[in-house]
**Student:** 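Attaching a single structure in C-alpha cells format; questions to follow.
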Amino acid sequence: MFPPDNQPFREPYKSSLFVGRLNALNEVEQWAKAATPQKRLFNIKAPPGYGKTWLLKEAERRLAQPGLFPLEANASDLTTPETIAKWLEAKIALAKKNCAEVRGFDATVALSQMIRALAEDLCERCYPAYTPIVIVDALDDALEAQARQLEKLLLEPFWSNNCVRILVAMRDDHRLYSAVLRGGERLFPLTTLSEEDATLQLQQRASDAELKTPVPDDLLGIIPPYDWRTPGINSFLSRCAAANREASQPLLSADDLRACRRAVIGPQLDNYHDGYLVKLSQLDDTWTEDTFAQQCNLTVSEAGDIAQKFFTLGIVTRPDRVPNRRKIVDGLRELMQAEHKLRSQ
C-alpha cells in the first residue's frame, strides 16, 4: 500500500477524488483557450504534497474538448532520446486518429523536425484546427542533464510554433533551464486547500468504496496542529488511518507522520538533512540562518548550505519574501510539529 521509506508517494489519479483548485483550473482553461495569451508557458509552482500532479491530470481531463489537443508527458519516462521518440510516435498516432492530415512518424527524420511537423499539422493542416497543449509533470524530479535534454529535444521544438501552449508544474525553487522557455513563462503559485475543500477531500475519500478511509470527524483534530489542508499529505495519512483501523491500532502514530513526511518529500531528502529539518521544525515558525546555526551548533555557512538544500527541495521558503527570514512550508511544518507532539506524549 505504501512506498518503502523515503520513496515518493504517488497515488494513482482518480477524478472522483479530486477537489478544489477551481481558480487554478479556470485560469488554465482561459489561458489554453485564449487566442493570443501574453505568456504561452503556464508554470504551476508549489511545495511537495500540494497536489501538483493531480492538478495537471485534472487539467488534462478538462482540456480534452473541441479545439484543444492535450499532449501529456511525464519527465520521469522521457530520460533518453529513444524514450522521447517513443512518446512522440504514440502522440502522432493519437493525433492521426483525430486528423488524417497529420503526418506519420518517421524514424529517419530528426525528432525536432517531426515535433515541428506535428505542431504545424495540428495548428494549420487540420480542419478544424487544434491548439496543442503540452502538459509535462515531474520535470523537477529529473536530473539536471535529463531536464535540459527534455527541454531542448521536446519542449523547444514545440515552442517554435506560436500556436502551442506548454503547461508544467514544479516545486517553488526549481526553474526551467531553457532561457527560450523562461522568456514566455507565467508563474502560478498554489496555496494549501481551503478548510471547506480539505473537509470535502476527506469526505470523498471516506465515500470511496475502494479506499474506505475514516470519515472527516474521525481525522480532523486528532494530530494538532496539522490542519488537513495539504492534499498529498491528506491522501497518505488517510490511507495510513484506514490500514491502522483495520489492524485495530490507533488511527495515526508518530511513525506514520514521519513516513508521510519522507514519502511526500521523496528520496532527495537524505537522513543527514532530515535530522536538521526535524530540528528546524522545533524552532519558531519563522527563523533566520543565524538562529539555525546557534541552535544546531553549526557555522553560519553550514546552516546556509543546509537551508539551500531545503530551498532546492521546495520545503523551506521565505515568508512574504522577507530576505532574512525562513520557514518550513505550510502543511509540512504543522505535520512535523504534530509528529514531535506525539513523540513527546
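As the structure is a prediction and not an experimental result, all values here were calculated from the model.
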**Student:** So for atom NZ, which belongs to K152, do other residues, nucleotides or ligands contribute more than 12 heavy atoms lying within a distance under 6.0 Å?
**Tutor:**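 It does not: K152 NZ has 12 such atoms or fewer within range.
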**Student:** Is the closest basic N to carboxylate O distance between K86 and E82 below 4.0 Å?
**Tutor:**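 Not counted as a salt bridge, because no side-chain N and carboxylate O are separated by less than 4.0 Å.
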**Student:** Can you name the ring pair (Phe, Tyr, Trp, His ring centres under 6.0 Å) partners of W159, sequence neighbours left out?
**Tutor:**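 By the ring pair (Phe, Tyr, Trp, His ring centres under 6.0 Å) rule, W159 matches no residue at all.
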**Student:** I'd like to know if D274 pairs up with R262 as an ion pair, taking the criterion as any Lys NZ or Arg NE/NH1/NH2 lying under 4.0 Å from an Asp or Glu carboxylate oxygen.
**Tutor:**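 Yes.
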**Student:** What is the distance from atom CD of Q294 to atom CG of L283, rounded to the nearest 0.5 Å?
**Tutor:**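 Going from CD on Q294 over to CG on L283, the span is 10.5 Å.
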**Student:** Sequence neighbours left out, what passes ring pair (Phe, Tyr, Trp, His ring centres under 6.0 Å) with Y177? Give chain and number order.
**Tutor:**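 Counting only residues at least two positions away or on another chain, Y177 forms no ring pair (Phe, Tyr, Trp, His ring centres under 6.0 Å).
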**Student:** Is there a side-chain contact between L190 and R21 (heavy atoms, below 4.5 Å)?
**Tutor:**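 With C-beta onward as the side chain, the pair touches.
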**Student:** Any donor-acceptor pair under 3.5 Å linking the side chain of Q65 with the backbone of R62?
**Tutor:**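 Answer holds: yes.
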**Student:** Is there side-chain contact between L167 and V134, with at least one heavy-atom pair below 4.5 Å?
**Tutor:**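 L167 does not reach V134 side chain to side chain.
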**Student:** From the options D227, D284, D285, select the one residue that forms a salt bridge (Lys or Arg N to Asp or Glu O under 4.0 Å) with R333.
**Tutor:**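 One option only clears the test, and that one is D285.
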**Student:** I'd like to know if the side chain of E334 and the backbone of G331 have a donor-acceptor N/O pair within less than 3.5 Å.
**Tutor:**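 Indeed, once roles are kept as given, a pair shorter than 3.5 Å links the two residues.
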**Student:** How long is the straight-line distance from CD of Q203 back to OG of S207, given to the nearest 0.5 Å?
**Tutor:**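 Interatomic distance, S207 OG to Q203 CD, rounded to 0.5 Å: 7.0 Å.
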**Student:** Is the shortest heavy-atom distance from the side chain of I315 to the side chain of P47 under 4.5 Å?
**Tutor:**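 No, side chains not in contact.
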**Student:** Closest approach of F18 and W54, non-hydrogen atoms and distance?
**Tutor:**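 For F18 versus W54, the nearest heavy atoms are CE1-O, 3.7 Å.
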**Student:** Determine whether E101 and D121 make a side-chain contact, defined as any pair of heavy atoms from C-beta on separated by less than 4.5 Å.
**Tutor:**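 Of all side-chain heavy-atom pairs linking D121 with E101, none is under 4.5 Å.
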**Student:** Compare every heavy atom of Q201 with every heavy atom of L193, then report the nearest pair and how far apart it is.
**Tutor:**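 Of all heavy-atom pairs spanning L193 and Q201, the closest is CD1-OE1, 3.9 Å.
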**Student:** Would you call E339-R261 a salt bridge at under 4.0 Å N-O?
**Tutor:**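 So E339 pairs with R261 through a salt bridge.
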**Student:** Taking all heavy atoms of Q337 and all of S281, pick out the closest pair and write down the distance.
**Tutor:**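 Residues Q337 and S281, closest heavy atoms: CG-O, 3.7 Å.
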**Student:** Between C260 and C240, does the SG-SG distance stay under 2.5 Å?
**Tutor:**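 Answer is no: C260 does not pair with C240 in a disulfide.
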**Student:** Within the 3.5 Å criterion, strictly below it, is a donor on T288 or N324 matched to an acceptor on the partner's side chain?
**Tutor:**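 No pair is found: no donor N or O on one side chain lies under 3.5 Å from an acceptor on the other.
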**Student:** Say whether, by atom type as modelled, one donor and one acceptor occur between the side chain of T230 and the main chain of I233 under 3.5 angstrom.
**Tutor:**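 Pair absent, no side-chain N/O of T230 close to backbone of I233.
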**Student:** Salt-bridged, E11 to R239, with N to O below 4.0 Å?
**Tutor:**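 Result for this pair is yes, salt bridge flagged.
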**Student:** Dump the intermediate steps for salt bridge (charged side-chain N to carboxylate O under 4.0 Å, His left out) on R326 and E289, then the final yes or no.
**Tutor:** CA-CA 8 Å; R326 310 283 186 264; E289 290 176 9; 3.3 Å; yes
**Student:** Side chains of L17 and D208: closer than 4.5 Å at any heavy-atom pair?
**Tutor:**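 Yes - at least one pair of side-chain heavy atoms lies under 4.5 Å apart.
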**Student:** For N234 and Y226, which I'm curious about, is there any donor-acceptor pair between the side chains at under 3.5 Å?
**Tutor:**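 There is such a pair between these side chains.
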**Student:** With side chains defined as the heavy atoms from C-beta onward, is the minimum distance between L68 and Y130 less than 4.5 Å?
**Tutor:**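 The answer is no, as the side chains (C-beta and beyond) never meet within the 4.5 Å cut-off.
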**Student:** Give me the atom names and distance for the closest heavy-atom approach of A254 to L342.
**Tutor:**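 So the two residues come closest at N-CD1, 3.7 Å.
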**Student:** Passes salt bridge (charged side-chain N to carboxylate O under 4.0 Å, His left out), R103 versus E120? Steps please.
**Tutor:** CA-CA 10 Å; R103 284 164 279 187; E120 179 184 352; 3.4 Å; yes
**Student:** Cluster question for you: counting only ILVMFWY and a side-chain heavy-atom cut-off of under 4.5 Å, with indirect links fine, are W87 and L155 together?
**Tutor:**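 Per the 4.5 Å side-chain linkage, W87 and L155 are co-clustered.
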**Student:** Between the side chain of D140 and the main-chain N/O of M170, is any donor-acceptor distance below 3.5 Å?
**Tutor:**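 Answer holds: no.
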**Student:** Between E89 and F105, is there a donor-acceptor pair closer than 3.5 Å when you use the side chain of the first and the backbone of the second?
**Tutor:**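 Not a single qualifying donor-acceptor pair exists.
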**Student:** Should Y50 and L55 be marked as a side chain to side chain contact (heavy atoms under 4.5 Å, CB included) after you check the CA-CA gap, both sets of side-chain angles, and the distance that decides it?
**Tutor:** CA-CA 9 Å; Y50 277 45; L55 179 55; over 6 Å; no
**Student:** Identify, with sequence neighbours excluded, every residue that meets ring pair (Phe, Tyr, Trp, His ring centres under 6.0 Å) alongside W287.
**Tutor:**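 Here the qualifying residues are F292.
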**Student:** Any side-chain donor-acceptor pair under 3.5 Å between R40 and N161?
**Tutor:**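 Not at all, the side chains of R40 and N161 share no donor-acceptor pair under 3.5 Å.
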**Student:** Evaluate side chain to side chain contact (heavy atoms under 4.5 Å, CB included) for I135 paired with L71, printing each intermediate quantity in order.
**Tutor:** CA-CA 6 Å; I135 304 173; L71 295 161; over 6 Å; no
**Student:** Step by step, would you call I44 with V168 a side chain to side chain contact (heavy atoms under 4.5 Å, CB included)?
**Tutor:** CA-CA 6 Å; I44 297 167; V168 301; over 6 Å; no
**Student:** Give a yes or no answer on whether the side chain of E302 reaches the backbone of T299 with a donor-acceptor pair at less than 3.5 Å.
**Tutor:**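 Indeed, once roles are kept as given, a pair shorter than 3.5 Å links the two residues.
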**Student:** Establish whether W31 and F69 are linked, either directly or via other cluster members, by ILVMFWY side-chain heavy-atom contacts under 4.5 Å.
**Tutor:**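 They do not share one cluster, since no chain of ILVMFWY contacts under 4.5 Å joins W31 to F69.
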**Student:** Under 4.0 Å between a side-chain nitrogen and a carboxylate oxygen: does that hold for R186 and E27?
**Tutor:**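 Salt bridge: yes.
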**Student:** Return the minimal non-hydrogen interatomic distance between S160 and R116, and the atom names on each side.
**Tutor:**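 It is OG-NE, 3.4 Å.
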**Student:** Do R61 and E58 pass the salt bridge (charged side-chain N to carboxylate O under 4.0 Å, His left out) test, and can you show the C-alpha distance, the side-chain angles, and the key distance before you say yes or no?
**Tutor:** CA-CA 5 Å; R61 187 182 73 84; E58 182 67 10; 2.7 Å; yes
**Student:** Kindly indicate, with the supporting measurements, whether the criterion side chain to side chain contact (heavy atoms under 4.5 Å, CB included) is fulfilled by T53 and Y13.
**Tutor:** CA-CA 8 Å; T53 292; Y13 166 75; over 6 Å; no
**Student:** Whether the side chain of D137 engages the backbone of N74 through a donor-acceptor N/O pair (distance < 3.5 Å, no angle test) should be reported.
**Tutor:**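 No, D137 side chain to N74 backbone: no donor-acceptor pair under 3.5 Å.
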**Student:** So, do W228 and I223 sit near enough that their side-chain heavy atoms are less than 4.5 Å apart?
**Tutor:**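 In short, these two side chains touch, coming nearer than 4.5 Å.
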**Student:** Supply the atom-to-atom distance L143 CG to T79 OG1, rounded to the nearest 0.5 angstrom.
**Tutor:**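 It comes to 9.0 Å.
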**Student:** Would S253 and D255 count as having a side-chain donor-acceptor pair, cut-off 3.5 Å?
**Tutor:**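 Looking only at side-chain atoms, D255 and S253 do not form any donor-acceptor pair under 3.5 Å.
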**Student:** Do D256 and N244 make a side-chain contact, defined as non-hydrogen atoms from C-beta onward lying under 4.5 Å apart?
**Tutor:**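 A side-chain contact under 4.5 Å exists here.
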**Student:** Looking only at non-hydrogen atoms, find the nearest pair between V102 and K96 and report the distance.
**Tutor:**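 Looking at all heavy atoms of both residues, the shortest contact is O-NZ, 2.8 Å.
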**Student:** Ignoring hydrogens and geometry, is there a side-chain-to-backbone donor-acceptor pair from R229 to A198 under 3.5 Å?
**Tutor:**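 It does not hold such a pair.
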**Student:** Should L219 and L332 be counted in the same cluster of Ile, Leu, Val, Met, Phe, Trp and Tyr side chains packed under 4.5 Å apart?
**Tutor:**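 Hydrophobic grouping puts L219 with L332.
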**Student:** Answer yes or no: does atom CD of Q282 have more than 12 heavy-atom neighbours from other residues, nucleotides or ligands under 6.0 Å?
**Tutor:**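 Atom CD in Q282 is packed in, count exceeds 12.
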**Student:** Using modelled atom types only, decide if a donor and an acceptor are shared between the side chain of K45 and the backbone of R171 within a distance under 3.5 Å.
**Tutor:**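 Yes, K45 side chain to R171 backbone: donor-acceptor pair under 3.5 Å.
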**Student:** Could you tell me whether the side chain of S178 and the main chain of V180 form a donor-acceptor pair under 3.5 Å?
**Tutor:**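 Yes, S178 side chain to V180 backbone: donor-acceptor pair under 3.5 Å.
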**Student:** Quick check: is V28 connected to L176 through a chain of hydrophobic side chains (ILVMFWY, heavy atoms under 4.5 Å apart)?
**Tutor:**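 No: no chain of side-chain contacts under 4.5 Å links L176 to V28.
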**Student:** Between Q268 and K309, is any side-chain donor less than 3.5 angstrom from a side-chain acceptor?
**Tutor:**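 Judged by distance alone, the side chains do not pair up.
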**Student:** For a quick check under 3.5 Å, do R205 and T213 share a side-chain donor-acceptor pair by atom type?
**Tutor:**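 R205 vs T213: no donor-acceptor pair found between side chains.
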**Student:** Kindly work out whether a path of hydrophobic side-chain contacts (I/L/V/M/F/W/Y, heavy atoms less than 4.5 Å apart) joins I166 to L94.
**Tutor:**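 Yes.
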